[in-house]
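To start, the structure under review is shown below, and the notes come after it.
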Protein chains: 2
Amino acid sequence: MTMAPIDGPRWLSDEEQRVWRAYLHATTLLEDHLDRQLQRDAGMPHIYYGLLVQLSQAPRRRLRMTELAKGAKITRSRLSHAVARLEKNGWVLREDCPSDKRGQFAYLTDEGYAVLERTAPGHVAAVRQAMFDRLTPEQVAQLGDIMKVMAEGLQPSDPNADLPWLR
Amino acid sequence: MTMAPIDGPRWLSDEEQRVWRAYLHATTLLEDHLDRQLQRDAGMPHIYYGLLVQLSQAPRRRLRMTELAKGAKITRSRLSHAVARLEKNGWVLREDCPSDKRGQFAYLTDEGYAVLERTAPGHVAAVRQAMFDRLTPEQVAQLGDIMKVMAEGLQPSDPNADLPWLR
DNA sequence: GACTCATCCTTGAAAGTTGAACTACATCGG
DNA sequence: CCGATGTAGTTCAACTTTCAAGGATGAGTC
C-alpha cells in the first residue's frame, strides 16, 4: 500500500495548454508589435515610453527613482540604465532629493513631454487596434478582471506569501 | 467651417485604461516571474525553455530553424543566438538539412530532454500557481478566447492587412 | 556618538536582443 | 544554362537587461 502521491506533477489539461499557448503567443506578439511601433515612431522601447508616461502624470512631472521603478515593475538597476539613456536623449533629467541625500528624482523635460505628445496618439491607436477594437465590451471587462487577479497573485511584495513557514 | 476631425486621437476610456494597465502589469510580472523561475531551476530564460519544449514535441525531436522560430514567434536572428547558446550547453545540436543545403535542423539531445524532464514539473507548477489556480474555469475559457482573438490580429504574416493600398 | 542594519541608487561585466548586412543555396523565367 | 530574385540562416555592432557588488546615506539601538 502506498499513500496517494503528495503532488505528482499536475500537468495542464488540453484546455489549459491551449489557453496557455494562446496567452504566450498573444502577449509576445503584442509586446513585439508595440516595441517595434514605438522604436520606429518614438525611438525607444515600450518600457522607456512607459516611464515617460508615468512621469508625465506625476506631480510636477517628477518621481523618485524607486517609485518610478515600482510603477513600471522593473528593478532599480534597470531603471538606472534606462534613465541614463533617456537623459542622453534630453527627455529626462535627474535631480537630487533635498530631504534624502541618497535619493534622486527623475523628471520629464519639456522635450520629453513633446515626444509624448507627438507619439501618444499613434501608440494609443496601436493598442486600440490590437486589443480594444477586437474585443467585445464584455471581453474587455473580463480581461480586466482576469489580469487584476493574476497581477495580485504576482506582487513581488511577498514572494513567499503562501509559504509562511519559510519566512 | 472645418471638416470634422478625420480621426482625432481616440483616447482610452477610464475603463480601458484600467484594463490596459492591469494587462501590462500582469503580463510583465508573470514574464519576470517565469524567467526567474526557469533561470534558477533550469539555467535558461523562458524563451529558451520554450524552444526545448517545441523540439521535444516535434517528430524525431528536430525542427528546421525557421519552423522553430515561427513556433516561438521570434526572429531567425534571435533563434540563431539562442541555439548557439543551447548548443554550448549540450542540449541542442545542429544538423545540416540533406534536401536543402541552406537549411539546418536543430534537434534536442538526450541531455536536453533530461533537462526538460527534470524541470517541467516545477515550471508547470509555477504556471498553474500564477494563472490556473487563481482563475475560475469560466475565466480560463474567457482568457483563451480573448488571447486567441488578439493573437489572430497580430499575426506578422501580414502587417499591412488593413492597408491594402500599400501592398 | 558608534554600531549595525536597511535603503537608495549606481556601476561593470556578462548575457540576451535587435536590425541590417551578408553568404550560400534555391527557384523561376527565359 | 543564365540571370534575377527569393529564402535560410548567420554575423556584426549597437543596444538593453540582468546579476552581483559597492558607495553613500538614513534609522534604530545602546
Side-chain angles (χ1 to χ4, degrees), chain A residues 28-29 31-51 62-89 91-107 156-157, chain B residues 28-29 31-51 62-89 92-107 156-157 159:
Chain A
T28 64
L29 286 174
E31 178 64 27
D32 285 7
H33 182 64
L34 295 183
D35 259 342
R36 276 181 232 289
Q37 185 263 319
L38 282 171
Q39 191 69 56
R40 175 167 47 80
D41 298 345
M44 65 189 135
H46 192 195
I47 296 231
Y48 289 31
Y49 179 88
L51 296 176
R62 66 198 66 205
L63 282 172
R64 284 289 291 271
M65 294 292 279
T66 297
E67 294 308 307
L68 189 49
K70 270 187 201 154
K73 261 78 183 167
I74 62 178
T75 62
R76 290 192 296 278
S77 170
R78 189 174 173 182
L79 180 62
S80 276
H81 290 295
V83 169
R85 197 275 219 183
L86 292 171
E87 210 169 7
K88 269 192 201 161
N89 284 288
W91 298 336
V92 165
L93 282 178
R94 286 182 231 235
E95 190 181 54
D96 291 340
C97 173
S99 64
D100 184 339
K101 289 182 186 167
R102 298 167 304 178
Q104 292 274 106
F105 283 98
Y107 76 89
S157 60
Chain B
T28 63
L29 286 174
E31 178 65 25
D32 285 6
H33 182 63
L34 295 183
D35 259 341
R36 276 181 229 288
Q37 185 264 317
L38 282 172
Q39 191 69 56
R40 176 166 48 79
D41 299 345
M44 66 190 134
H46 192 196
I47 297 231
Y48 290 30
Y49 179 89
L51 296 176
R62 69 198 64 205
L63 282 173
R64 286 289 292 270
M65 294 293 278
T66 296
E67 294 307 308
L68 190 49
K70 270 186 201 154
K73 262 78 183 169
I74 62 178
T75 62
R76 290 192 298 277
S77 168
R78 189 173 173 181
L79 179 62
S80 278
H81 290 291
V83 169
R85 198 279 218 181
L86 292 171
E87 211 168 5
K88 270 191 200 162
N89 284 289
V92 165
L93 282 178
R94 285 182 232 235
E95 189 181 54
D96 290 342
C97 173
S99 66
D100 185 338
K101 288 183 187 166
R102 297 167 304 179
Q104 293 274 108
F105 283 99
Y107 76 88
S157 60

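Letters A, B, ... mirror the listed sequences (proteins, then strands); counts begin at 1. Hydrogens, waters and symmetry mates play no part in the numbers below; they use all other heavy atoms, side chains included.
Atom CG of A:Leu79 is separated from atom P of D:dT17 by 11 Å (rounded to the nearest Å). Atom pair B:Asp100:CG and C:dC25:P shows a separation of 10 Å (rounding to whole Å applied). As rounded to whole Å, 13 Å separates atom C1' of C:dG16 from atom CG of B:Leu51. The distance between atom NZ of B:Lys101 and atom C1' of D:dT7, rounded to the nearest whole Å, is 16 Å. For A:Arg85 and C:dT10, the CZ to P distance is 17 Å, given to the nearest whole Å. The nearest whole Å value for the distance from the CD atom in A:Glu87 to the P atom in C:dC9 is 14 Å. For the pair B:Ile47 CD1 and C:dT17 C1', the computed distance is 10 Å after rounding to whole Å. With rounding to whole Å, A:Asp35 atom CG is found 16 Å from D:dC15 atom P.
Each of A:Ser99 and A:Pro45 lies near DNA chain D, and the nucleotide nearest A:Pro45 is the one positioned closer to the 5' end.
Side-chain N/O atoms of A:Arg94 include one lying less than 4.0 angstrom from OP1 or OP2 on C:dT10. Checking the phosphate oxygens (OP1, OP2) of D:dG23, no side-chain nitrogen or oxygen of A:Arg102 falls inside 4.0 Å. Residue B:Arg36 places at least one side-chain N or O under 4.0 Å from the OP1 or OP2 atom of D:dC19.
Distance from the side chain of A:Met65 is smallest to C:dC9 among D:dG26, C:dC9, C:dT18. The side chain of A:Ser77 lies closest to D:dA20, out of D:dA8, D:dT16, D:dA20. In the set D:dT18, C:dT10, C:dG16, D:dT18 carries the atom at the smallest distance from any side-chain atom of A:His81. Looking at the side chain of B:Arg78, the nearest of the listed nucleotides C:dT10, D:dT16, C:dT17 is C:dT17.
Without hydrogens or angle criteria, A:Asp35 side chain to A:Pro45 main chain gives no donor-acceptor distance under 3.5 Å.
Side chain B:Arg76 to base D:dG9: a donor-acceptor pair is found below 3.5 Å.
The side-chain heavy atoms of B:Met44 and B:Leu51, taken from C-beta on, include no pair separated by under 4.5 Å. The side-chain heavy atoms of B:Val83 and B:Gln104, taken from C-beta on, include no pair separated by under 4.5 Å.
Counting any heavy atom pair closer than 4.0 Å across all strands shown, B:Tyr48 reaches sugar-phosphate atoms only and no base atom.
When each of B:Gln39, B:Arg36, B:Glu31, B:His33 is checked for a side chain to side chain contact (heavy atoms under 4.5 Å, CB included) with B:His46, only B:Glu31 meets the rule.
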